[in-house]
Amino acid sequence: GWEKQTHGEPKLAPMSCLGKIISHTALPDGRHNIMLAGLKRAAIGRELKPTRSFRRAKVELLEDHYPASGAGTRQAMQRKLLEGFRRFVPKTSLVQEQFDQLLAQQISLGMLTDIVAFTINLPLPLKQELLNQWHVDRRASLLLEHLKQAHGEPASLVAGAMRSFPPQFSEN
């Protein structure tokens, strides 16, 4: 839908995600369904002149930042994030089993925040804001604030907030 809103190509966001293609399916109409596993955040420095049919950019890869000042609160943030996420998880046995497997893993707060943000149907500007935030404590706080606000929404909105797994391919 960006074609109606802009002339030429859409503007690049300041932050992107370096990913690995997990699966690829060519469609009869010439489009492709690509499933991408995100690996690292990438700050876009400048767009490079295209040499192929896809856009390229000079980027700086960013590691999740865990400042020492937040170490004392991360475990509580992780617990709150899991509690908030649980409200969005359908009560079917298969999904509960997958959720329990996730809880059994020793994953970082940054990874948990990214998993929750991917799984819940968030507004696109919020998803981009979360992607832009490489400071893990700030990213988790932003997502927790959204989950707290969503807690008051009607059950029908919350029930529809969970993506199916595996997720449907996007129009991107």
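Note that the structure is a prediction, hence the values are computed from the model and not measured.
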Enquirer: Spell out, yes or no, whether L126 and L131 are grouped together once hydrophobic residues are joined by side-chain heavy atoms under 4.5 Å, including indirect joins.
Expert: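 No; tracing contacts between hydrophobic side chains, which count when under 4.5 Å, never links both residues.
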
Enquirer: With side chain to side chain contact (heavy atoms under 4.5 Å, CB included) as the test, would you mind laying out the steps for L27 and N33 before giving the verdict?
Expert: CA-CA 7 Å; L27 300 174; N33 281 335; 3.7 Å; yes

Enquirer: Heavy-atom distance under 4.5 Å between the side chains of L147 and L81, does that happen here?
Expert: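 Yes - at least one pair of side-chain heavy atoms lies under 4.5 Å apart.
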
Enquirer: Check this for me: L61, atom CG, are more than 12 non-hydrogen atoms of other residues, nucleotides or ligands nearer than 6.0 Å?
Expert: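 For L61, atom CG is crowded (more than 12 foreign heavy atoms under 6.0 Å).
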
Enquirer: Is there a path of hydrophobic side-chain contacts, each under 4.5 Å between heavy atoms, that joins L62 and M111?
Expert: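 No, because L62 and M111 fall into different hydrophobic clusters, even though each may have its own neighbours under 4.5 Å.
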
Enquirer: At their closest point, which heavy atom of H24 faces which heavy atom of I34, and how far apart are they?
Expert: CD2-CG1, 3.9 Å

Enquirer: If you look at every heavy atom in Q128 and M15, which pair is closest and at what distance?
Expert: NE2-O, 3.1 Å

Enquirer: Tell me the closest heavy-atom pair linking G70 and D137, and the distance in Å.
Expert: CA-OD2, 3.4 Å

Enquirer: Treating Ile, Leu, Val, Met, Phe, Trp and Tyr as nodes and any side-chain heavy-atom pair under 4.5 angstrom as an edge, say whether V59 and L36 lie in one connected cluster.
Expert: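 No, separate clusters.
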
Enquirer: Could you tell me whether a side-chain N or O of R139 sits under 3.5 Å from a main-chain N or O of G110, the two making a donor and an acceptor?
Expert: yes

Enquirer: May I have the step-by-step check of side chain to side chain contact (heavy atoms under 4.5 Å, CB included) for H65 and V136, ending in yes or no?
Expert: CA-CA 6 Å; H65 178 63; V136 174; 5.8 Å; no

Enquirer: Indicate, with yes or no, if M77 and L82 share a hydrophobic cluster defined by side-chain heavy-atom contacts under 4.5 Å among Ile, Leu, Val, Met, Phe, Trp and Tyr.
Expert: yes

Enquirer: Could you tell me whether the side chain of I44 reaches within less than 4.5 Å of the side chain of P14, counting heavy atoms only?
Expert: no

Enquirer: May I ask you to decide if L142's main-chain N or O and Q133's side chain share a donor-acceptor pair within less than 3.5 Å?
Expert: no

Enquirer: Locate the shortest heavy-atom distance separating K80 from L144; write the atom from each residue and the value.
Expert: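 Closest pair (atom of K80, atom of L144, distance): C-CD2, 3.6 Å.
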
Enquirer: For residues W134 and F118: do they belong to one hydrophobic cluster (side chain heavy atoms under 4.5 Å, members Ile, Leu, Val, Met, Phe, Trp, Tyr)?
Expert: no

Enquirer: Any side-chain to backbone donor/acceptor pair from K20 onto L39? Under 3.5 Å, distance only.
Expert: no

Enquirer: Indicate yes or no: at least one non-hydrogen side-chain atom of P123 is less than 4.5 angstrom from one of H146.
Expert: yes

Enquirer: Start with the C-alpha gap between L109 and D64, add the side-chain angles, then the distance that decides, and say whether side chain to side chain contact (heavy atoms under 4.5 Å, CB included) holds.
Expert: CA-CA 10 Å; L109 178 60; D64 276 351; over 6 Å; no

Enquirer: What distance do E129 atom CD and L143 atom CG have between them, rounded to the nearest 0.5 Å?
Expert: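 With rounding to 0.5 Å, CD (E129) is 11.0 Å from CG (L143).
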
Enquirer: Between R56 (side chain only) and L48 (backbone N and O only), is there a donor and an acceptor less than 3.5 Å apart?
Expert: no

Enquirer: Can you give me the closest heavy-atom contact between C17 and G38, atom names plus distance?
Expert: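 For C17 and G38, the tightest heavy-atom pair comes out as SG-CA, 3.5 Å.
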
Enquirer: Side chain to side chain contact (heavy atoms under 4.5 Å, CB included) with V116: which of I120, D114, T119, T113?
Expert: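 It is I120, the one option of I120, D114, T119, T113 that forms the side chain to side chain contact (heavy atoms under 4.5 Å, CB included) with V116.
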
Enquirer: Heavy-atom distance under 4.5 Å between the side chains of S141 and H135, does that happen here?
Expert: no

Enquirer: Look up atom OG in S16 and atom CZ in R55, then write down how far apart they are to the nearest 0.5 Å.
Expert: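 Between atom OG of S16 and atom CZ of R55 there are 10.5 Å.
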
Enquirer: Measure the spacing between CD1 of I21 and NE2 of H32 and express it to the nearest 0.5 Å.
Expert: 10.0 Å

Enquirer: Could you give me the CA-CA distance, side-chain angles and deciding distance for I107 and Q78, then say whether side chain to side chain contact (heavy atoms under 4.5 Å, CB included) is met?
Expert: CA-CA 10 Å; I107 60 174; Q78 190 150 357; 4.2 Å; yes

Enquirer: Locate the shortest heavy-atom distance separating A42 from L18; write the atom from each residue and the value.
Expert: CB-N, 4.5 Å

